[in-house]
Amino acid sequence: MLLIPCPWCGPRPEAEFHHAGQAHLTRPAQATDEAWAAYLYLRNNPKGPHAERWRHLHGCGRFFNCRRDTVTDRISGTSAPGAEAV
Amino acid sequence: MTQSYRLPSGAPPPEVRFVFDGREMKGRAGDTLAAALLANGVGVVGRSFKYHRPRGVMAAGVEEPNALVTVVRGGGRETPNLRATVVEIYEGLVAWSQNAWPSVGFDVGAMAGWLAPVLGAGFYYKTFKWPVSFWKRVYEPLIRAAAGLGRAPVSADPDRYARRYAHCDVLVIGGGPAGLAAAKAADGRVILCDEQAELGGSLLSRAETTIDGVPARNWVARGLDARVTALTRTTAFGWYPDGMVGLVERVTDHLPSPDPGLPRERLLLVRAKRVVIAAGAIERPLVFPGNDRPGIMLAGAAEIFLARYGVTPGRRAVVATSHDRAWHTAFSLAKAGVAVAAILDTRAEVGPDLRALARDAGIPVWTGTRIVGTGGRNRVRFVETLGAPPVIPCDTVLMSGGWTPSVHLFSQSRGRLRYDADSGVYLPDRSAAAETSVGACAGEFDLAACLAAGHRAGGGEARAFAVEHEPAFGAASPPEPAAPHPLAFVDFQNDVTTKDLAIATGEGFRSIEHIKRYTTTGMATDQGKTSNLNALVSAAAAIGRAVPDVGLTTFRPPYSPVTFGAFAGAARGELFDPVRRTPIDDRDAVFEDVGTWKRAWYFPREGETMHAAVARECRAVRTDVGLFDASTLGKIEVVGPDAAAFLNLLYTGDFESLAVGRCKYAVLLGEDGFVRDDGVIARLSKTRFHVTTTTGGAAFVLNHMEDYLQTEFPALRVWLTSTTEHWAVIGVQGPRAAEVLGPYLENIDLTALPHMSVAEGLFASIPARLFRVSFTGELGFELNVPARFGRAAWGLLRESGATRYGTEAMHVLRAEKGYFVVGQETDGTVTPDDLGLSWTIARRKPDFVGKRSLARPDMRRPDRWQLVGLLSDQVLEEGARVTATDGTSLGHVTSAYRSETQGHPIALALVAGGRSRIGGAVEIPMPNGKIAAQVVPPVSYDPKGERLTAPIATPPPRVSVRLTETPVAVPFTAPCAGVSLSLAPETSRFNIRTSVPLAPPLRAAVHGAHDIFWLGPDEYLAMGDGPPDIVADSIVDVSHRTAAIRLEGAKAAWCINAFCPLDLDDLPPGACTRTVFEKTEIVLWRLSDTIFHIEAARSLVPYVWALLEDARREFLPPPPAC
C-alpha cells in the first residue's frame, strides 16, 4: 500500500485515495474531431516518471497532482491543482 | 513407540502425547512434529508428488520440501500441506501423512516410480494431447487423482482470523543473532518477528558459544526491552510498497485448547520507517542419484535436531559435504555417540585443522569424492561413492552443499541482486527501499560479523562483539552442476531431477523462467527454497552459459504459504461487505442486493408467488396508491451563487431558467457524450438545488462533480454536500396519492403543486421536502423526511391502506412508460439521442460536459442502437440478441417483463436504427428457436402522459400527528476492560463550507456550543444542539446522515487499527480526520488516548459496530462454562 503525500493532510495510506488519471490535460474550448478524440482517449503510458491525479477521497476530498515513477512507485512530489506542476 | 532416537538429558521437558497416522507416540514439549517423529524413529513421513517415492524429514525449518502433513483438529479444522518441521506438537495433536494409499510405508501409487523413465519433464504436454474430448473427461480427472499433496478440506473453516495494521520505526525480520542485535540497538517503536516458536535462530543450537561472555542462549533475551514488540511464530511473507511488510502470526495452532476469543492467525500489515532484514540462509542439498531417500537430511538440520531437541537422525551417519560447516556437525554427532562412518567432501583440499579434528573424533575422511548412488527401501541403507570405499553402510546421510542467502524479501522490495562468483550465490546489491540486509541473508556467516552488522543496522554505534567457542564457518562453496540422472533430485517437492532439466535444455529452453515452467522446478509449495540455485547451476552448465546469464526467477510473495483465512480476516460471511439497510427497512419484503444496499424487491402476502405479488403491486399503483422505499437514491445538495451555472455545465439541461420550486429531469454525460447517470434536480432557492442520482451512481456522480468543480471550473462559487443518508424517501404513487399524503402536510398546498415541482413544509409535524415526480407514470410524490423519521412516516402512510411495492414492480411500471434505467438500458456507449432524450439537451448552452462529443460524426449516425419497445407473445430474456429476419444482428433486449396493466409481455431493446424500424419485424434467437417480435415505441402506457399531470382534487382534512424517531439499531454489547462500545447521543450536524478557518487542519475545535471538525481545506462538520452561529458559503443540515460510535478503553486504538490503516500515534487527542475503516469511510475523532468518536454513515453504523465487536473479542472475558 503506497504512502501518498496529500498536499493538505501529509502522507496517508493509499486506501484513502482514488486514482484520477493523467494530470495536466487541457480541456479544449475548440477542437477538431481528431483533437477532441485525442483529448478523450489518448493517454501516456510511460515507464518511469508520470504526472497523474489523485483524489484524497476518504480524507480531505481534494484532487491534486502527483508525480509517480511507474517503475519504482516512488512519488517525487504532489501539488494542489493550479499550483506549479511537480 | 518409544523415543529410541532421543538422547538422554538431565531435566527433560514434559512428555506430550500425539498421534501420527493413527499411531500414538510421545514427544516432548517444545518439539516440532518432525523432531518428535525422528525421536520415535519414523523414517517415512510422506510420499512424493509425482512418483510417490517415500520421503522423510530433510530440513528443520520452513524450507522442508518432503515432510508435509495434514493436521486435524476436529470441528472441520483440517489443514493440509503443513511442514512437519514447523508444526509444534501439543497434547492430543493428530497428524496424517499425505499422498499415500493405503499407507506411507506401502503405497500403491509408488508404481508411478516404475514409470519414471517416461514421466519426465513435459510428459503431460506431450502425452495428454489427443483426442481433445479426453481433456476434461479423462485426462484431467486422471491427473488430478494421481497428483497432488494434501486434500483441501471440504467444510467451512470454523476458526476466526484477524488482520490489523501496525506501525513502527524499525521492523526487524528474523530473530537470529543479526536480527536480535539490530532490535536491541534500535530506537523508537521496534517490531521484531521470527517465524519460529522462539527467538534465537542459529543461537538456539549453539550450546557452547558465548557472546560478550554470556552463553549464546542467554544472550538472546538480554536487552530486549519494552520498546521491542517481539512476535514469534510470525512470518514476514511479503514486501509491499513504501515499507509495508505483510506478517502472519500463527496465534493458536500450537495450543492444545486455544482460548476461543483468540484468532487462529493474525495478518499484520506493518508500515515501518526502516526495515532490517535478517532472514538468514537456507542450506542446499547435494545433488546425487538417490539423494531423496528417507534418512538423507541436511547437515544443518541434523545439528538443530541434535542440539535443540536432543534427537539423533540415525545411528550410523555418512556426512557428505562441500563445505566446512558440516564437518562440525559430524563432530557434534560423534560427541553425542552417533557413529560417523565417513566424511565425504567433494573438495580436493580441506584445511588441516578440520582433518585433525576428524582424526581426534575417529572419523574416516575422504576428499575429492562424491556419492554416485544410494540404496535402501523406506530408509537409506548404504551409499555408493567414487573416490571412497565403493559402498558405505549407514542409516543416515547428512549433506551440505553450502548455504543460499534468503534474499526473498530484499528482492521483493525491488532491491537489485548481484551474482557473487566466489560464493556462487545471489546477494543483495542495491537497495530500492528503506531496508538493510544483515547477517546470512547478506552473505555474512561469521557470527561476530553478523552481530556487528545487525547492531549497526539497528542504529547502534559501530562496535565489536566478543564471540567465543564458535567454530569457524569456513569459506563459501559454490554449488556444482550435477550430471543428468533420473534419480538425482533437484526439486524434491515437485520430483524434478537433473534428467528433467537436461530434457528441457535439450529441447531448446534457454531461460531459467522457461525451464522452470517446463520442468516445474521451484514451483511447489516450498517455492524452491532448497532447489532453485541447484537447478540454476545444472541448467547453466547444460546450456554452457555462466550462471548469471541464464537469469534468475522472480521472488514473489508469499515467502511461505499463507492461509486464505488470514488474508480474509474479519471479512467473511456477514462482514464480507457492508450491508446497508434503509431507514425504513420494512422486513415484510423480500430483499434484493443493489450494490451494498438491501432494497425491498417485492412484498409477498402469505402463500403468494413473486409473480402474483408483483402483479398485485403494479395494479395497486395503477388503480389505487403504492408506497415505495426510494431512500437509496443518491442526493446531493448544490449550494452557492453559481449553483445553476455549475449544474448547467454538468447536466444537459438548462437550470438557470428553472424556477424556484420546480424540478427538472436531468441527464448527466461523461465528456465522451455517453449517458452516465440521471435524476431529478429541484430548485429550492436561487442558490440551492436538491439533486438526485441513481442508487448505484451516487458516489460516482459526487466524485464526477467534485472533479469538474475542483479542477476544471474552480472559479465557480458552489459547494456540494452528499445528503443521501440524511433523507428517507418514500414514493407515494398512484391516483390516490394526494389523498394519502394530504392529511399530514402543513405549509404545503398540494393543489398548487404541479407535476415536476418541489415544496418544503411539514409532514406529520416534521420538516420535509415533497417532490411531485413520478417514475411510474402515475400521479406521484416523493416524500423526503429526515432519516430517523423514515420508519414512522412509512408506518403512518400505510394506515391509509396504501400498498407497498418493491423494486420489481417499480421496474415493470417504469418499463411500461419506456423510462430507461442507467446500467440496464445504458452501458457507457449510449447517447441521450439513442434513448430518445434529445429533448433534455439545452442546445443553446455554450458548453456542458459531453457537448462537444455529441457533435462527433459517429454520435449522429442513423444506424446507432436506439431504444425501442418490442412486442412478442412471450417474455423475452434480458440480454438476448435481436436480429433482423435475415439473421443480421441488430442489438439486444435490455428489459423484459410481463405487463400486468396491459396483459402481455413488454420489452425494451437497443436496436440499430431502431426508431426507423418501428412497425417492422425482428427475431430473438434463443436455444430452442427464434421468437418473433414487433418493433414498437418504447412507451406502451399512457403515451401522452395525461395521468402524470392530473389535477389534484380538494385537499383532505388535516390530521395532527407527530412522527417519532427510530435511532440506528445496534446489538447490545457487554462492556469490557479492554474496550467498550456505545452509540453517542443523537445531535445536530451541519456540513459547513467556508474559506474562513474554523478549526486547524486535521483538528477539532470548539465554537460556542458546537464541536467543529476539520474535514478538508474549506469543509467542516459542526456538531451540537441546533444550527451553529456561523456565516458560511454553504451550510447543509446533515443531522441524520451519520451516527456516532464511542469507543473507550486501553485497547481502543488497537481495535481501530484492526481496520483503519492510519498510524494512530500520529493522531493526538483533539485530532480528527476522515479515513477508511475496512470497506467504508469514517470520520475519526480522538478525544483522549483511550477515547475515540467514530462518525459513520447511518446505514454503515451496524457494519462498523460489528467489525469493532469482532476486533475486541480477544479482550472479552471468556463465556461462563456450562
Side-chain angles (χ1 to χ4, degrees), chain A residues 1-42 52-65 68-75 79-83 85, chain B residues 165 167 240-244 246 269 271 273 414 432-433 670-673 699 702-704 706-715 720 722 846-847 849-850 852-853 855-859 1001-1002 1014-1019 1059-1063 1066 1073-1083:
Chain A
M1 195 190 291
L2 294 174
L3 265 184
I4 300 173
C6 168
W8 290 274
C9 305
R12 304 271 288 217
E14 183 186 345
E16 292 182 348
F17 295 83
H18 211 291
H19 190 258
Q22 186 178 325
H24 311 311
L25 297 175
T26 305
R27 186 171 182 263
Q30 300 278 320
T32 61
D33 284 339
E34 268 185 10
W36 184 254
Y39 164 70
L40 285 182
Y41 299 118
L42 296 187
E52 57 192 11
R53 303 189 315 140
W54 288 80
R55 183 182 183 202
H56 195 192
L57 178 66
H58 304 295
C60 66
R62 298 283 106 185
F63 283 84
F64 57 90
N65 298 317
R68 181 178 62 97
D69 190 307
T70 59
V71 178
T72 63
D73 263 345
R74 196 160 292 156
I75 292 170
S79 65
Chain B
Y165 297 94
H167 301 83
Y240 302 94
D242 286 334
M244 179 166 266
L269 295 167
R271 177 85 70 182
K273 294 196 173 76
R414 302 185 186 182
E671 199 68 274
D672 53 16
L702 186 59
N703 189 68
H704 175 83
E706 283 286 355
D707 193 351
Y708 277 93
L709 178 55
Q710 291 182 31
T711 65
E712 207 57 61
F713 314 124
L720 314 171
S722 168
D847 188 19
V849 174
R852 174 65 186 83
S853 289
R856 296 177 66 208
D858 232 34
M859 309 293 263
L1002 299 164
W1014 184 95
L1015 295 181
D1018 69 344
E1019 184 180 4
F1059 306 105
C1060 172
L1062 286 184
D1063 184 351
D1066 290 343
T1073 181
R1074 225 172 349 221
T1075 183
V1076 286
F1077 193 83
E1078 190 72 2
K1079 292 180 184 167
T1080 187
E1081 176 185 290
I1082 59 168
V1083 174

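Sequence lines set the chain letters: A, B, ... in the order given, protein chains first and strands last, and positions in each chain run from 1.
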Next on the checklist: So which residue, B:Thr1073, B:Asp707, B:Leu1015, ends up with the most heavy-atom pairs under 4.5 Å with chain A?
Outcome noted: B:Asp707
Item to check | Engaged part of B:Arg852 at the chain A interface, taking heavy atoms whose separation is under 4.5 Å | outcome: both
Checklist entry - Measuring heavy-atom distances to chain A, does B:Asp1066 have an atom under 4.5 Å in its side chain, in its backbone, in both, or in neither? => result neither
Item to check | A:Arg12 side chain to B:Thr1075 backbone, donor-acceptor under 3.5 Å | outcome: no
Item to check | A:Trp36 side chain to A:Ala38 backbone, donor-acceptor under 3.5 Å | outcome: no
Item to check | chain B contact via A:Arg55 - side chain, backbone, both or neither, heavy atoms under 4.5 Å | outcome: side chain
Item to check | Part of A:Phe64 within contact of chain B (heavy atom distance under 4.5 Å) | outcome: neither
Next on the checklist: Can you tell me which portion of B:Tyr708 sits under 4.5 Å from chain A's heavy atoms? Options are side chain, backbone, both or neither.
Outcome noted: side chain
Next on the checklist: I'd like to know whether A:Glu16 forms a side-chain contact (heavy atoms from CB on, under 4.5 Å) with B:Leu1062, so could you lay out the CA-CA distance, the side-chain angles of the two residues, the decisive distance to 0.1 Å, and finally the verdict.
Outcome noted: CA-CA 10 Å; A:Glu16 292 182 348; B:Leu1062 286 184; 3.4 Å; yes
Checklist entry - Considering only heavy atoms, which portion of A:Ile75 lies under 4.5 Å from any heavy atom of chain B: side chain, backbone, both, or neither? => result neither
Item to check | Winner by heavy-atom pair count (cut-off under 4.5 Å) against chain A, out of B:Leu1002, B:Val1083, B:Leu269 | outcome: B:Leu1002
Next on the checklist: Looking only at heavy atoms and a cut-off of under 4.5 Å, which of B:Glu671, B:Arg856, B:Met244 has the most pairs with chain A?
Outcome noted: B:Glu671
Next on the checklist: Between B:Glu712, B:Gln710, B:Glu1081, who has the most heavy-atom pairs with chain A when the cutoff is under 4.5 Å?
Outcome noted: B:Gln710
Next on the checklist: Closer than 3.5 angstrom, by distance alone: can the side chain of A:His18 be matched with the main-chain N or O of A:Phe63 as a donor-acceptor pair?
Outcome noted: no
Item to check | A:Leu40 portion near chain B, given a 4.5 angstrom heavy-atom threshold | outcome: side chain
Checklist outcome for this item: Counting heavy-atom pairs under 4.5 Å with chain B, the top scorer among A:Cys9, A:Pro81, A:Gly82, A:Gly10 is A:Cys9
Item to check | Pairs of heavy atoms under 4.5 Å with chain A: top-ranked of B:Pro1001, B:Ala433, B:Ser853, B:Pro857 | outcome: B:Ser853
Checklist entry - Quick one: does B:Asp242's side chain have a donor or acceptor within less than 3.5 Å of a partner on A:Leu3's backbone? => result yes
Checklist outcome for this item: Max heavy-atom pairs within cutoff under 4.5 Å with chain B, candidates A:Arg53, A:His56, A:Glu14, A:Arg74, goes to A:Arg53
Checklist entry - Would A:Cys6 and A:Trp54 count as a side-chain contact (heavy atoms from CB on, under 4.5 Å) if you check the C-alpha gap in whole Å, the side-chain angles of each, and the deciding distance to 0.1 Å? => result CA-CA 9 Å; A:Cys6 168; A:Trp54 288 80; over 6 Å; no
Next on the checklist: So A:Arg62 and B:Asp1018, do their side chains get closer than 4.5 Å, heavy atoms only?
Outcome noted: yes
Item to check | Min side-chain heavy-atom separation A:Val71-B:Arg414 under 4.5 Å | outcome: no
Checklist entry - Judged by atom type as modelled, is there a donor-acceptor pair below 3.5 Å linking the side chain of A:Arg27 to the main-chain atoms of A:Tyr39? => result no
